[in-house]
Asks: 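I have a structure I would like to understand better, so I am pasting it below and will then ask my questions one at a time.
Here, residue 1 is the first one in the sequence, and each next residue gets the next number.
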Amino acid sequence: MPTIRQCGLGWLSLFMAWPVFAAGPAVWGEGMMVKVRPDDTTPGSATEVQLTAARNEFVSFQVALHGGDTGLQGVRARLPTLEGPATLMGPDVTLYRQAYLTTRQTSESWQAVGRWPDGLVPDTDEIAREARNAFPFDVPANEARAIWVDVHVPQDAPPGEYTGTVTVEGEGGFLRQVTAKLTVVDAVMPSTSSLSTAFLLSPVQVCRAHMGRDDCSASELQPLLARYEQLALEHRLTLPGLFPREPWRPSWEDFDATWGPFLDGTAPTRLPGARMTRLEYEGPLTPDGLRNFTEHLRSRGWLERAYVQIGDEPPYQSSFSQVKAAGAMVRQLAPDLRTMLTTNSLQLKNHSLEPLVDIVVPLVNHLDGTEPDFVGDQTATYTAFLSRPGTELWTYQSCMSHGCPPGSSMPENLPGAGWPSYGVDRSAAKARAMEWLTFLHGGTGELYYETAGMLPTAWSDQYHFNGNGDGTLFYPGTPSAIGGLTHVPVASLRMKLVRQGMQDYEWLKAVSDAGDPDFARGVARELIPTAWQVPDDGAAFDAARLRLIQRYQELTRGNPAAPVMGTVPDEAMAQRKQSVPGTYGQVGGCGAGPGDSAAAAAGLLWVFWMLSGARRARRRLPAREP
């Protein structure tokens with residue numbers, strides 16, 4: 001017979017061996033500014049998300065899942081409608097499964113490699129409206145996953161309160177719900193962005209990713225490119241390069257049939273009337289090419305949105321002599337075609353380039369920087385350039401946000417701060433910041449060098465120019481990758497964040513136009529003290545946006561004279577009407593003007609022929625030599 005002590009130990013052993021209750025799977029609502037990573041996400045408990053939007057604005061949120069100790073299989077989700085003064089449903093409500101990109105090298109030395117959410121596989125895609133393989137999916141034990149939800153508020157949706165329920169189901173009778181409550185305010189966001197964009201797209205990369213080769217015919221490639229343009233417009237972005245570079249010249253009849261709807265605002269997008277904000281001339285820099293292009297675009301009313309790059313980041317990608325020659329030729333042969341150059345105010349002045357450039361595009365690092373010659377806010381150094389009618393200041397970010405040379409890093413990039421970035425393994429806030437900075441510096445457009453740089457390997461590898469995702473914002477939606485029958489583009493999570501930044505710009509501009517520019521600038525500057533101090537706090541961006549919405553309502557409520565969101569106030573419109581490209585005769589400098597001889601331009605032809613062949617070997621700023 002056991003002793004009392006032995007019995008006690010036996011009961012203790014039994015107690016210690018008894019299993020604790022296993023943590024079951026969890027589902028919760030999450031905002032759009034949190035990247036739900038598989039391995040370091042703590043389960044949340046929110047059963048409701050609060051959203052605010054104008055009519056014709058997109059809002060997004062996430063439904064996050066954690067497998068707990070048991071995991072969860074066969075996950076499906078649905079959000080049939082949001083009910084309120086009207087019913088939001090169908091194409092205006094889209095669910096996506098978040099796919100993960102595994103990084104093997106980091107964009108910043110202090111980061112860890114691993115899985116990052118980025119590719120968004122739609123339940124029903126936005127372009128072909130085909131069912132895809134977003135669902136079902138599994139959530140492994142002790143890992144997290146997330147569903148992205150887009151809601152577009154139709155242009156004619158009445159203001160008011162809307163409610164919808166995301167239902168999440170899994171095997172074994174698992175069921176959870178997250179409620180989305182949406183407040184629609186009395187404002188209509190314009191379909192065509194007030195901020196011009198030129199986010200370039202490489203057709204050959206689209207060909208490789210979808211067809212597995214480099215020699216796609218125009219009949220194969222143009223429908224694909226049109227789908228990419230449509231998805232870009234629905235994210236308030238423009239892909240400006242639509243021309244077949246060889247052979248020149250394009251059939252204008254075919255061009256107009258394919259691209260005219262995107263330029264005229266009649267293409268089938270969820271943003272009714274959305275138009276491309278820019279169109280890049282990519283043909284040869286020859287008299288025939290330039291004149292033919294400008295004549296046709298003028299006849300269609302598109303010329304004011306067209307531009308040509310006369311060089312790229314001199315002296316690194318183009319020499320200053322090439323830039324001057326290209327600018328002189330365009331001035332001579334196509335004086336109404338705007339010229340663009342990626343450079344800064346210092347180079348413009350030192351090399352007497354001001355008369356040849358209409359759109360100057362400095363790196364954000366040179367617009368509000370930390371290195372010599374660019375310390376602090378440089379906006380005032382563009383005042384003289386911008387005093388000439390027809391000129392614009394755009395912004396540009398590149399691998400300089402994380403460091404271009406292999407193994408390098410920008411010292412400003414610390415946890416919680418740093419440069420704006422479209423990198424996969426940077427915070428959501430970094431991808432939303434660029435448009436706020438553009439507003440602060442008075443920019444009217446944004447350039448991005450490439451959106452399909454590593455499209456063929458996007459699902460598995462996007463490491464390029466010392467960073468993950470630099471130059472790749474799309475994923476190839478091939479049937480083998482996402483299901484369905486039709487090849488379509490797939491948006492990245494980062495593209496959704498850029499779209500949010502574009503919409504933030506509309507609110508900043510709306511408050512400014514409605515009579516309180518100081519408030520708009522104050523909110524933006526409080527959020528981002530300098531261009532290299534972008535916070536990682538996504539909630540701060542959301543709070544700043546809500547302040548702008550509230551101020552806009554205060555300024556416009558009951559005021560029929562207040563400017564309508566997205567329109568240009570009278571004074572700005574008058575100035576814009578005076579901004580006619582080609583009025584260069586009053587500007588001094590070494591560039592050729594309209595009165596110079598054609599022989600002088602002809603003497604430069606050989607320079608442009610060489611330059612046109614090198615222009616599209618895009619586009620990075622190499623490390624500076626010591």
Asks: Please list, chain by chain and in numerical order, all residues satisfying side-chain contact (heavy atoms from CB on, under 4.5 Å) with Ala431, sequence neighbours excluded.
Replies: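 Here the qualifying residues are Tyr422, Leu497.
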
Asks: Which heavy atom in Asn365 sits nearest to a heavy atom in Ser401, and how many Å separate them?
Replies: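 That would be ND2-N, 4.4 Å.
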
Asks: Whether the side chain of Thr343 engages the backbone of Gln347 through a donor-acceptor N/O pair (distance < 3.5 Å, no angle test) should be reported.
Replies: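 Not at all, since once roles are kept as given, no pair shorter than 3.5 Å links the two residues.
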
Asks: If I compare all heavy atoms of Met189 with all of Ala54, which pair ends up nearest, and what's the gap?
Replies: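 Closest approach of Met189 to Ala54: N-CB, 4.3 Å.
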
Asks: Determine whether Gln105 and Val113 satisfy the following criterion, side chain to side chain contact (heavy atoms under 4.5 Å, CB included), listing intermediate values before the conclusion.
Replies: CA-CA 6 Å; Gln105 301 178 78; Val113 297; 5.5 Å; no

Asks: Judged by modelled atom types alone, do Gln500 and Tyr505 share a side-chain donor-acceptor pair under 3.5 Å?
Replies: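 Absent: no donor and acceptor within the cut-off.
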
Asks: Tell me whether Asn466 contacts the main-chain N or O of Gly403 through its side chain, where contact means a donor paired with an acceptor under 3.5 Å.
Replies: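 Such a contact is found between Asn466 side chain and Gly403 backbone.
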
Asks: Where do Ala458 and Phe474 come nearest, in terms of heavy atoms and distance?
Replies: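 What the structure gives for the nearest pair is CB-O, 4.0 Å.
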
Asks: Ser107 and Asp425: side-chain donor and acceptor closer than 3.5 Å?
Replies: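 The criterion, which ignores hydrogens and geometry beyond distance, is satisfied for Asp425 and Ser107.
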
Asks: Check the side chains of Glu506 and Ser194 for a donor-acceptor pair under 3.5 angstrom, ignoring hydrogens and angles.
Replies: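 Yes.
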
Asks: Do Arg432 and Asp542 sit within salt-bridge range, that is, some charged N less than 4.0 Å from a carboxylate O?
Replies: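 A salt bridge links Arg432 with Asp542.
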
Asks: So, Tyr100 versus Trp116, ring centres under 6.0 angstrom or not?
Replies: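 Aromatic pair excluded; centres sit 6.0 Å or further apart.
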
Asks: Taking atom types as modelled, find out whether Asn344 and Tyr382 have a side-chain donor-acceptor pair closer than 3.5 angstrom.
Replies: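 Checked: Asn344/Tyr382 side chains show no N/O donor-acceptor pair below 3.5 Å.
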
Asks: Quick one: which of Arg545, Arg499, Arg236 gives a salt bridge (charged side-chain N to carboxylate O under 4.0 Å, His left out) with Glu57?
Replies: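 When Arg545, Arg499, Arg236 are each tested with Glu57, the salt bridge (charged side-chain N to carboxylate O under 4.0 Å, His left out) holds only for Arg545.
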
Asks: Inspect the contact between Arg426 and Asp536 and indicate whether a charged nitrogen and a carboxylate oxygen are less than 4.0 angstrom apart.
Replies: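 So Asp536 does not pair with Arg426 through a salt bridge.
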
Asks: What's the shortest heavy-atom distance between Lys496 and Trp148, and which atoms?
Replies: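 Smallest interatomic distance, heavy atoms only, reads CB-CZ2, 3.6 Å.
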
Asks: Find the distance between CD (Gln462) and OG1 (Thr102) and round it off to the nearest 0.5 Å.
Replies: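 Those atoms lie 11.5 Å apart.
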
Asks: Report yes if the side chains of Leu231 and Glu126 come closer than 4.5 Å at any heavy-atom pair, otherwise no.
Replies: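 Yes, their side chains come closer than 4.5 Å.
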
Asks: Could you tell me if Thr444 and Glu392 have a donor-acceptor pair between their side chains, going purely by distance under 3.5 Å?
Replies: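 Side chains of Glu392 and Thr444: pair found under 3.5 Å.
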
Asks: Does a side-chain heavy-atom distance below 4.5 Å link Leu200 with Leu239?
Replies: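 Leu200 does not reach Leu239 side chain to side chain.
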
Asks: Working to the nearest 0.5 angstrom, can you tell me the gap between Tyr463 OH and Leu101 CG?
Replies: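 If I round to the nearest 0.5 Å, the distance is 13.0 Å.
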
Asks: Can Tyr448 and Asp470 be counted as having a side-chain donor-acceptor contact under 3.5 angstrom?
Replies: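 Judged by distance alone, the side chains do pair up.
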
Asks: Yes or no on side-chain hydrogen bond (donor to acceptor under 3.5 Å, both in side chains) for His152 and Asn56, after CA distance, side-chain angles and deciding distance?
Replies: CA-CA 7 Å; His152 170 247; Asn56 206 36; 3.0 Å; yes

Asks: Run the ring-centre check on Trp436 versus Phe439 and record whether the distance is less than 6.0 Å.
Replies: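 When the ring centroids of Trp436 and Phe439 are compared, they turn out to be at least 6.0 Å apart.
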
Asks: Are a donor atom and an acceptor atom from the side chains of Glu412 and Trp419 found within less than 3.5 Å of each other?
Replies: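 Side-chain D/A pair, Glu412 to Trp419: present.
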
Asks: Rounded to the nearest 0.5 Å, how far apart are CE of Met410 and NE2 of His402?
Replies: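 Going from the CE atom of Met410 to the NE2 atom of His402 covers 9.5 Å.
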
Asks: Going by the rule side-chain contact (heavy atoms from CB on, under 4.5 Å), which residues pair with Asp516 if we only count those two or more places apart in sequence or in a different chain?
Replies: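 For Asp516 the side-chain contact (heavy atoms from CB on, under 4.5 Å) partners, ignoring immediate neighbours, are Val511, Asp518, Phe519, Arg551, Leu555.
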
Asks: Measure the CD1-CG distance between Ile310 and Leu285 for me, rounded to the nearest 0.5 Å.
Replies: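 Going from CD1 on Ile310 over to CG on Leu285, the span is 10.0 Å.
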
Asks: Are Tyr281 and Tyr307 close enough that their ring centers fall under 6.0 Å?
Replies: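 No.
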
Asks: Do Glu108 and Ser409 have side-chain N/O donor and acceptor atoms under 3.5 Å apart?
Replies: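 Yes, because at least one side-chain N or O of Glu108 sits under 3.5 Å from a partner of the opposite role on Ser409.
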
Asks: What are the two closest non-hydrogen atoms of Val59 and Ala53, and how far apart are they?
Replies: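 That closest heavy-atom pairing would be CG1-CB, 3.4 Å.
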
Asks: Is there a donor in the side chain of Ser345 and an acceptor in the side chain of Thr381, or the other way round, less than 3.5 Å apart?
Replies: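 Ser345 vs Thr381: donor-acceptor pair found between side chains.
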
Asks: What are the two closest heavy atoms between Pro117 and Arg37, and how far apart are they?
Replies: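 Closest heavy-atom pair between Pro117 and Arg37: CD-CG, 4.1 Å.
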
Asks: For Asp377 and His441, test the side chains for any donor-to-acceptor distance below 3.5 angstrom and give the result as yes or no.
Replies: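 Side chains of Asp377 and His441: pair found under 3.5 Å.
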
Asks: Classify the side-chain pair Gln62/Gln98 by whether it contains a donor and acceptor separated by less than 3.5 Å.
Replies: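 Per modelled atom types, Gln62 and Gln98 side chains form a pair under 3.5 Å.
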
Asks: Judged by modelled atom types alone, do Ser60 and Asp150 share a side-chain donor-acceptor pair under 3.5 Å?
Replies: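 Yes, side-chain donor-acceptor contact under 3.5 Å.
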
Asks: By side-chain contact (heavy atoms from CB on, under 4.5 Å), which residues pair with Gln533, not counting sequence neighbours?
Replies: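 Scan of Gln533 (side-chain contact (heavy atoms from CB on, under 4.5 Å), adjacent residues dropped) gives Pro529, Thr530.
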
Asks: Going through the distances and angles, do Thr342 and Asp312 end up as a side-chain hydrogen bond (donor to acceptor under 3.5 Å, both in side chains)?
Replies: CA-CA 5 Å; Thr342 48; Asp312 186 27; 2.8 Å; yes

Asks: Just by distance, with hydrogens left out, do Arg547 and Gln550 show a side-chain donor and acceptor under 3.5 Å apart?
Replies: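 Per modelled atom types, Arg547 and Gln550 side chains form no pair under 3.5 Å.
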
